[in-house]
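These numbers come from the heavy atoms of this one structure, side chains and all, not from hydrogens, waters or symmetry mates.
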2 protein chains.
Amino acid sequence: MALPPKKTSSTSPSAVSMADLARELGVSMTTISRALSDHHSIGAATKQRVLKLAKKLNYQPNHLAAALRRGQSRLLGVVVPYIEGKFFPSVIQGIEQAASKAGFSVIVCQSHENVELERRNVETLLNAQVAGVLVSLARNTQEFHHFDKVRSRGIPLVFFDRIPAGEQVNSVVLNDHEGALQATRHLLEQGCRRVAHLAGPQHINIYRHRRQGYLDALAAFGIAPDEALIDYSDMTTEDGAAAMRRLLALPNPVDGVFAAGDSAILGAMQLLKSKGISIPRDIALAGFSNEGFTAITEPRLTSVDQRCEEMGEAAVRLFLELAAAPHAPFAQRQVVLQPELFVRESSLQRQP
Amino acid sequence: MALPPKKTSSTSPSAVSMADLARELGVSMTTISRALSDHHSIGAATKQRVLKLAKKLNYQPNHLAAALRRGQSRLLGVVVPYIEGKFFPSVIQGIEQAASKAGFSVIVCQSHENVELERRNVETLLNAQVAGVLVSLARNTQEFHHFDKVRSRGIPLVFFDRIPAGEQVNSVVLNDHEGALQATRHLLEQGCRRVAHLAGPQHINIYRHRRQGYLDALAAFGIAPDEALIDYSDMTTEDGAAAMRRLLALPNPVDGVFAAGDSAILGAMQLLKSKGISIPRDIALAGFSNEGFTAITEPRLTSVDQRCEEMGEAAVRLFLELAAAPHAPFAQRQVVLQPELFVRESSLQRQP
DNA sequence: TTGTAAGCGTTATCAT
DNA sequence: ATGATAACGCTTACAA
């Protein structure tokens, strides 16, 4: 019996490699590699021997080496504006689930709504040799050259939720138009006749579509749009309160508000309550995103749910398809998910 | 705009390497490496030439190769129970900031409060050859052997917030005892005399310490502890409501509640409001974590802030120290942060 | 079915 | 101050 130079010396930083297995078994490294990666050209018996020894010696593959050799890792890079709130964590959750199922790990970067950081994040991910990049754009990203390098290296690039304007890209988005349409229609069905809209920056697809959904719902009810009832902002809670204050000062008062985001509608709600205005009796409210806090305000807030996890899963599925087709056709793929309106007390019983 | 990715050689997936620079400049790769990594043995002039060419050719270092060669990447692995809510995103934010400053990227994994997933996450991180591992334990982790491999490979291991019980580890924690003490003392100072406590699982350090802080505050006011006033649960909103219902049924009613988490105190608040019990007049409330929603409930909730970002930064600092001392002394380092009580209406004006 | 050997792009150890 | 060269651990033509 061969005397092992070192057994498991407790502070052995070096793991067991394929070479070790090969030596131990008296076969070549090729055989080991094939056995471990389930290659077809390998004898069943040999494979078993290798697998057994690998388990016994607790062999751990060095993914770095494999990635270097193959020119690509099993890492999936994700860039999001932020991870607070409910939306992005849930999307990431969906991504992780789907990615892990396909044998990929996920590395998440935040752009903090800052193009410059977004640019650096993309560099970081490329340096890590990620196999793919999934992005939801920062608020102020209006120029997209930092993604050229991703494409030119042939790395699958998928945008989700906030996608580039006027570009042909692979994307997964919610049908924001439909969500806004449903929410606004719901307010109208509850008896509202002067519905205001708290809109986000219009260079961002989601906010543009939500505004259009709002307008189309009005049109369907034969109501003429009124720009005075549309407030444009960054949709923070403060923005929502300020907008509400402005709307209250209007000669002809509003009786409903649909906001393109939950923070804004929260701000509006807080202002209304501070003024003693009843919700939904005097003014009905509906938001967008179905954030966690919509269920704890009083009254609870009606809001459009965004199918967060589905979005993450869909983004990964799209990535996998792109990765499977090395020199993919020029056509970029779009996936559109259907929203769901969660009706709560902030918008109910307007017409008894 | 940036539609076609064909700039130079349209489908050139291969980046420029150090060998390319060397050839171009007629020097050796060693020189290139030295110039780029700011080694001391290098002529200033040569260095400039290399740097200039590198910039011109847009050289991007292949971190994978460097990591393989050095046996370690510039990635920092983080394992957290979940990323929803405010606490973990903020900690991660602190980690990213500090890590990026030190030239590290961060890869985040969620254990979803599941040891089995936590175990797999650790494996994933090791496979990615992370330079360090930062962990906050899952709720049901009571056995810590899956971290042995991290240590035995000589990879710095730092726990934060939820740390292993009865083990000597490097850790960054909040002074939970002090936070609970402050919150409970505050309730007592507001005139409460029968303060209940919604406690979390006692095998988790933070909940154990919060309970002790609660007890010590009572003792400081000469109040005998009463186990009937302590409710043990997983601290969800539902748990909080159920606990409150139980407390209300007590013959001798409580006049204050301190919960070891904000979700639980939220549940308690919702139940009290549904029963028409006035907060804080009849019962004063205080929670722990200073979650975002504590500022939007009515009344707003008093809560203990956990210095989330500082915790992240401290964890990275600790990692960097450990990484700097290759064969560190046996002593493990502890960092303790001081909490801050945010007093809001849910606990005020009990004694007019 | 199995083996040989040439890299992948760096860093590190020599020597010059 | 610079260079030649050998690893790091794995994949993959190409041979046998």
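In summary, Arg119(B) and Glu143(B) engage in a salt bridge, as defined by a charged side-chain N under 4.0 Å from a carboxylate O. Salt-bridge formation is detected for the pair Arg162(A)/Glu113(A): a Lys NZ or Arg NE/NH1/NH2 atom is positioned less than 4.0 Å from an Asp or Glu carboxylate oxygen.
Computed from coordinates, the Leu68(B) CG to dG7(C) P distance equals 17 Å when rounded to whole Å. The nearest whole Å value for the distance from the CE atom in Met18(A) to the C1' atom in dG3(C) is 13 Å. For Met29(B) and dT11(C), the CE to P distance is 9 Å, given to the nearest whole Å. Distance CD (Gln72(B)) to P (dT10(C)): 18 Å, rounded to an integer number of Å. The distance between atom CZ of Arg70(B) and atom P of dG9(C), rounded to the nearest whole Å, is 17 Å. Atom pair Gln129(A):CD and dC10(D):C1' shows a separation of 15 Å (rounding to whole Å applied). Straight-line distance from the CG atom of Asp38(B) to the C1' atom of dT11(C): 16 Å, rounded to whole Å. When the P atom of dT11(C) is taken as reference, atom CG of Leu36(B) falls 8 Å away, rounded to whole Å.
Applying the 4.0 Å criterion to OP1 and OP2 of dG3(D), one finds that Thr31(B) has a side-chain N or O inside that range. Side-chain nitrogen and oxygen atoms of Thr46(A) include at least one within less than 4.0 Å of the OP1 or OP2 phosphate oxygen of dT2(C). For Ser33(B) and dT11(C), the shortest distance from a side-chain N or O to OP1 or OP2 is below 4.0 Å. Note on Ser17(B): every side-chain N or O is 4.0 Å or more away from OP1 and OP2 of dG9(C).
Toward the 5' end of DNA chain C, the nearer of the two residues Leu64(B) and Arg34(B), judged by each one's closest nucleotide, is Leu64(B). For the pair His40(B) and Ala65(B), nearest-nucleotide mapping onto DNA chain D gives the more 5' position to His40(B).
Among the nucleotides dT5(D), dT10(C), dC10(D), the one closest to any side-chain atom of Thr30(B) is dT5(D). Closest to the side chain of Arg69(B), out of dA7(D), dG3(C), dC10(D), is dA7(D).
Among the atoms of the strands shown, only primed sugar atoms or phosphate atoms (P, OP1, OP2) are found under 4.0 Å from some heavy atom of Gly43(B). Using a 4.0 Å heavy-atom criterion, one finds that His39(A) contacts no nucleic acid atom at all.
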Next item on the list: Mind running side chain to side chain donor-acceptor pair (under 3.5 Å) on Glu123(B) and Gln60(A) for me, showing each step along the way?
Entry: CA-CA 9 Å; Glu123(B) 285 296 336; Gln60(A) 294 297 127; 3.1 Å; yes
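Contact check for Leu75(A) versus Ile107(B): side-chain heavy atoms found under the 4.5 Å cut-off.
Distance check: Cys308(A) SG to Phe87(A) CZ gives 5.5 Å after rounding to the nearest 0.5 Å.
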